[in-house]
2 protein chains.
Amino acid sequence: MISLVIVEDINEIRNGLSEFFKFQEDILLLSAHNSIKDFFDNFNQDIEPDIFIMDIGLPGISGIAGIKMIKEKYPNSDFLVLSIYESEDKVFDALCAGATGYLIKNTPLEKIKDAVVELKNGGAPMSPKIARKVIHHFSPKKQSNLNEILTPKEKEIVNYLVEGFSYKQISEQLNNSIETIRHHIKNIYKKLHVNSKTEVITKSLKGEI
Amino acid sequence: MISLVIVEDINEIRNGLSEFFKFQEDILLLSAHNSIKDFFDNFNQDIEPDIFIMDIGLPGISGIAGIKMIKEKYPNSDFLVLSIYESEDKVFDALCAGATGYLIKNTPLEKIKDAVVELKNGGAPMSPKIARKVIHHFSPKKQSNLNEILTPKEKEIVNYLVEGFSYKQISEQLNNSIETIRHHIKNIYKKLHVNSKTEVITKSLKGEI
DNA sequence: TCTACAATCACATGAATATGGGATATAGGC
DNA sequence: GCCTATATCCCATATTCATGTGATTGTAGA
């Protein structure tokens, strides 16, 4: 029996979900709310809900902030986002807030039910387009031509910079003069169009090199 | 009609997949191979396959390296990994190599077929456990206690450092003396047990702050 | 032979960073 | 009142970084 809370501001959708889920025999619908505030004001039950179906675009406190707030009170609850938003920004905001599922709002009720069950069973249900955006986060970057213009030596030095080595330390590692290191670093800055170690490091850690 | 290539070293599985897919009427099975080398030696068709079903643990060239190599020749092909490996390392290696789907090897044939279709339609099919590991990559980190020991001012200064601001520039932004900025940075280093700007920046970009 | 690139090294200079010492003010707790 | 924490500011010094200038050697290709 999966205990479920719904937070959705559009009446038709919230009522449609409520009517549907209160007749599912493996689901216990605890309550439905039109805002995060309404949830905190009116949810008085002494159990930690298994799953929240959560909209993002809520009045007052957003669904993103709401996930964070609710998760502080109920750290074991899972959040299935049901949203019109398909943009990578929103998707990642929700995931970074702690959501473990994300469906687009036109998903049929039966499939939402399937997602709730999958979520409870340890999966991470996502609409196909959403899954694709999530995967895209890991795909090889196109701008790795930056990496192609650096010589092997220059790449090695970038790696040492990222690890926090000073010029002197790098020179000791590579058995070169510190002047050589400076020379290489100058070339790296020129090729990458940057002017500081920090810029090289952030580019590297962001996967742009 | 989805054009499909299978690369799988275990005979029973490869033959099972082949027998199954050659009778699917919306799938055109182009060929099946037991290694990446076999694919490159024996795939002579003049079309770019839509989808590869790819094992990771192949003899000789691994499936991961194979994805990269094949993707250079066929940049538009999609890769559905079918693997016994469930570890985050392997999953992310595959995704970073360019895979856009990942199923565990005990997935029933019908569901593999569904995944192929979903992949062709722009989704990113994943076994539930795999999706969960992928999502987990985005979840809030537990070690943010480092972030809790910094004062709001110190966090603000960390953000400026990450953005590449010099002490002088930060002092101008905050309307403080540069001495104030140095003082705060000294405290930040002490709290984070580091000795350089680089260490602060890498900790921040790695999500440890 | 010439050019381009990569790698090595040097010198000089100014700016930026890191660290040690110090001071004052405010707020809260004991 | 004392202590701690936070924030502001100062001084001094040494180290590191960034940039400009210059040089040499080796390799590859036209």
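Fair warning: this is a prediction, and the values are worked out from it, not measured in the lab. So you know, we letter chains A, B, ... as the sequences are listed, proteins then strands, and number each from 1.
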If only side-chain N and O atoms of [X] are considered, is one of them under 4.0 Å from the OP1 or OP2 phosphate oxygen of [N]?
X	N	result
B:N176	D:dC9	yes
B:K153	D:dA7	no
B:H184	D:dT8	yes
A:Y189	D:dA18	yes
B:T180	D:dC9	yes
B:N195	C:dT19	yes
A:S196	C:dA16	no

Sidechain N-carboxylate O distance under 4.0 Å for [X], [Y]:
X	Y	result
B:K68	B:D93	no
B:D26	B:K113	yes
A:K168	A:E172	yes

Practice item. Count the heavy atoms of every other residue, nucleotide or ligand shown that sit under 6.0 Å from NZ of B:K120, and state whether that count exceeds 12. Key: no
Nearest-Å distance, [atom1] ([X]) to [atom2] ([N])?
X	N	atom1	atom2	result
A:Q169	D:dT15	CD	C1'	12 Å
A:I178	C:dA7	CD1	P	18 Å
B:K155	D:dT6	NZ	P	11 Å
A:F165	C:dT17	CZ	P	21 Å
B:I201	C:dT17	CD1	C1'	12 Å
A:K190	D:dT19	NZ	P	12 Å
B:I185	D:dT6	CD1	P	17 Å
A:L161	D:dA18	CG	P	8 Å

Would you mind telling me which of [options] lies closest to the side-chain atoms of [X]?
X	options	value
A:R182	D:dC17, C:dA18, C:dA6	D:dC17
B:E179	D:dA7, C:dA18, D:dC10	D:dC10
B:S166	C:dT17, C:dC11, D:dG22	C:dT17

Review point. Does the D:dT21 base have a donor-acceptor partner in the side chain of A:K186 within less than 3.5 Å?
Key: yes
Practice item. Would you mind telling me which residue lines up with the more 5' stretch of DNA chain D, B:P152 or A:Y167, judged by nearest nucleotide? Key: B:P152
Revision key, fill the gap. On DNA chain C, more 5' by nearest nucleotide between B:V194 and A:H183 is A:H183
Practice item. Would you indicate what B:N187 reaches in the nucleic acid, counting non-hydrogen atoms under 4.0 angstrom: base, sugar-phosphate, or nothing? Key: nothing
Practice item. Look at all strands and tell whether A:S177 reaches a base, only sugar-phosphate, or nothing, counting heavy atoms closer than 4.0 Å. Key: sugar-phosphate
Check your understanding: Just wondering, do B:T198 and A:T198 contact through their side chains at under 4.5 Å, heavy atoms?
Key -> no
Practice item. Keeping the roles fixed (side chain from B:S127, backbone from B:I104), state whether a donor-acceptor pair exists under 3.5 Å. Key: yes
